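Because the structure is predicted, anything quoted here is derived from the model rather than measured.
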Amino acid sequence: DSLCLCWRGNPGTGKRTQLLQHLQLIARSRNLPFSLHTKFLQVGSAASSTGEVDENDETTGERVTEAGQFSYESSVVHVGFDVSRMSMQDKNILRPVFLKLGQGSQVLAGSQGRGSRILVLYHAHLLSTESILLLQAALEQNDGDLSVWMTSEIPVPVRVRDWFVEVPVAGSDKQFALYKQKLNSSEHIANWPDVFIRLFM
């Protein structure tokens, strides 16, 4: 949990699944139960003038967020945000998150006597330049106290690459295979990797 990790691979290859499996291992090593919950951040004009963000403990899972709220994933060892759902507002949503995390991680240490907070960013290849700068500042200020885990389809941006260890994830698009199976159609349905293989192989 002291490393910043990035699972990198094509869509649907199981990056998120591997990341969650490693979070389970971290929880087990700290003798803590692991379960995922959905919580909500108050963002935008509803946020206070100090930049603080309200947290509402909602565990209803698939609930449509109200105006000014953004859903995120949470467990006893991590908080996780999906960049693809931020509608290009990632710098506004992540700014208070980066300011708030990284302090007091000893409460998550378990029996080890230490333990970094883990911030998870799904689809990190969609982060804006401003968010990358915020991430760099958070890593510099909380070195050794904050771990960032990401999933990405491209390599880690050069600006923060020195902090990360990349974990390659190979394989075919499992989500696309499930989609084709669900359609149960006799027609040939191709995705981009199939197209490229036919063109260049």
Side-chain angles (χ1 to χ4, degrees), residues 1 3-8 11 14-27 30 32-48 50-105 107-108 115-139 141-142 145-153 156-157 160 163-164 175:
D1 61 351
L3 295 175
C4 292
L5 302 173
C6 177
W7 281 263
R8 178 172 59 86
K15 300 183 293 296
R16 183 177 187 272
T17 300
Q18 290 192 24
L19 189 151
L20 291 176
Q21 289 172 350
H22 282 76
L23 285 174
Q24 286 180 317
L25 292 175
I26 294 295
R30 298 180 185 179
L32 297 171
F34 181 79
S35 60
L36 297 177
H37 302 283
T38 300
K39 296 184 179 181
F40 296 91
L41 290 180
Q42 197 72 31
V43 295
S45 59
S48 67
T50 60
E52 299 264 329
V53 179
D54 275 339
E55 287 188 11
N56 299 319
D57 292 335
E58 298 284 346
T59 56
T60 53
E62 298 297 325
R63 185 171 83 85
V64 177
T65 60
E66 300 172 1
Q69 288 188 332
F70 180 80
S71 62
Y72 70 98
E73 180 183 272
S74 176
S75 76
V76 292
V77 293
H78 87 293
V79 289
F81 296 87
D82 191 342
V83 180
S84 66
R85 298 181 180 177
M86 293 183 180
S87 301
M88 300 195 314
Q89 295 298 315
D90 50 301
K91 64 177 181 179
N92 297 328
I93 295 171
L94 292 176
R95 184 187 305 275
V97 173
F98 287 141
L99 290 174
K100 192 173 185 181
L101 289 177
Q103 306 299 324
S105 64
V107 299
L108 300 176
S116 296
R117 290 178 181 267
I118 300 174
L119 171 65
V120 175
L121 299 173
Y122 299 110
H123 302 106
H125 56 279
L126 300 175
L127 285 170
S128 65
T129 305
E130 293 86 350
S131 293
I132 296 297
L133 291 171
L134 292 171
L135 174 59
Q136 180 185 8
L139 290 169
Q141 294 170 6
N142 302 297
D145 199 35
L146 171 66
S147 294
V148 179
W149 290 9
M150 307 190 303
T151 65
S152 177
E153 295 177 16
V156 177
V160 293
W163 277 278
F164 284 87
Q175 294 298 323

Smallest separation among heavy atoms of [X] and [Y], with atom names:
{"X": "Val83", "Y": "Ala124", "value": "CG2-CA, 4.4 Å"}
{"X": "Phe98", "Y": "Ser131", "value": "CE1-O, 4.1 Å"}
{"X": "Cys6", "Y": "Ser152", "value": "SG-CB, 3.8 Å"}
{"X": "Pro33", "Y": "Val76", "value": "O-CG2, 3.2 Å"}

Exercise. Would you sort out whether Val77 and Phe34 count as a side chain to side chain contact (heavy atoms under 4.5 Å, CB included), showing the intermediate values?
Key: CA-CA 8 Å; Val77 293; Phe34 181 79; 4.1 Å; yes

Rounded distance (nearest 0.5 Å) linking atom [atom1] of [X] with atom [atom2] of [Y]:
{"X": "Glu153", "Y": "Arg8", "atom1": "CD", "atom2": "CZ", "result": "11.5 Å"}
{"X": "Ser87", "Y": "Asn92", "atom1": "OG", "atom2": "CG", "result": "11.5 Å"}
{"X": "His37", "Y": "Ser71", "atom1": "NE2", "atom2": "OG", "result": "15.0 Å"}
{"X": "Leu126", "Y": "Met88", "atom1": "CG", "atom2": "CE", "result": "11.0 Å"}
{"X": "Ser128", "Y": "Leu134", "atom1": "OG", "atom2": "CG", "result": "7.5 Å"}

Quiz item: Between Trp163 and Gln136, is a side chain to side chain contact (heavy atoms under 4.5 Å, CB included) present by the stated rule, with each step listed?
Solution: CA-CA 9 Å; Trp163 277 278; Gln136 180 185 8; 4.1 Å; yes

Practice problem: Kindly determine whether Leu127 and Leu121 satisfy side chain to side chain contact (heavy atoms under 4.5 Å, CB included), including the steps that lead there. | Solution: CA-CA 9 Å; Leu127 285 170; Leu121 299 173; 4.1 Å; yes

Self-check item: All pairs passing salt bridge (Lys or Arg N to Asp or Glu O under 4.0 Å) where residues 80-98 contributes a residue, at least two apart
Solution: Asp82-Arg85

Quiz item: What residues, two or more places apart in sequence or in another chain, satisfy side chain to side chain contact (heavy atoms under 4.5 Å, CB included) together with Leu3?
Solution: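 Counting only residues at least two positions away or on another chain, Leu3 forms a side chain to side chain contact (heavy atoms under 4.5 Å, CB included) with Leu5.
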
Cut-off 3.5 Å, no hydrogens considered: what does the side-chain donor-acceptor table look like for residues 16-23, sequence neighbours left out?
from: Arg16; atom 1: NH2; to: Glu73; atom 2: OE1; distance (Å): 2.5
from: His22; atom 1: ND1; to: Gln18; atom 2: O; distance (Å): 2.8

Quiz item: Does any N or O in the side chain of His78 come within less than 3.5 Å of the main-chain N or O of Ile118, such that one atom is a donor and the other an acceptor?
Solution: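 Not a single qualifying donor-acceptor pair exists.
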
Self-check item: Close side-chain approach of Val148 and Val120, heavy atoms under 4.5 Å
Solution: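 Sidechains of Val120 and Val148: no contact.
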
Practice problem: Taking ring pair (Phe, Tyr, Trp, His ring centres under 6.0 Å) as the test, write out the residues that go with Phe81, two or more places apart. | Solution: Tyr72

Quiz item: Between Met150 and Phe164, does a side chain to side chain contact (heavy atoms under 4.5 Å, CB included) hold up when you go through it step by step?
Solution: CA-CA 9 Å; Met150 307 190 303; Phe164 284 87; 3.7 Å; yes

Exercise. List for me each residue that meets side-chain hydrogen bond (donor to acceptor under 3.5 Å, both in side chains) alongside Ser74, sequence neighbours excluded, and say none if there are none.
Key: none

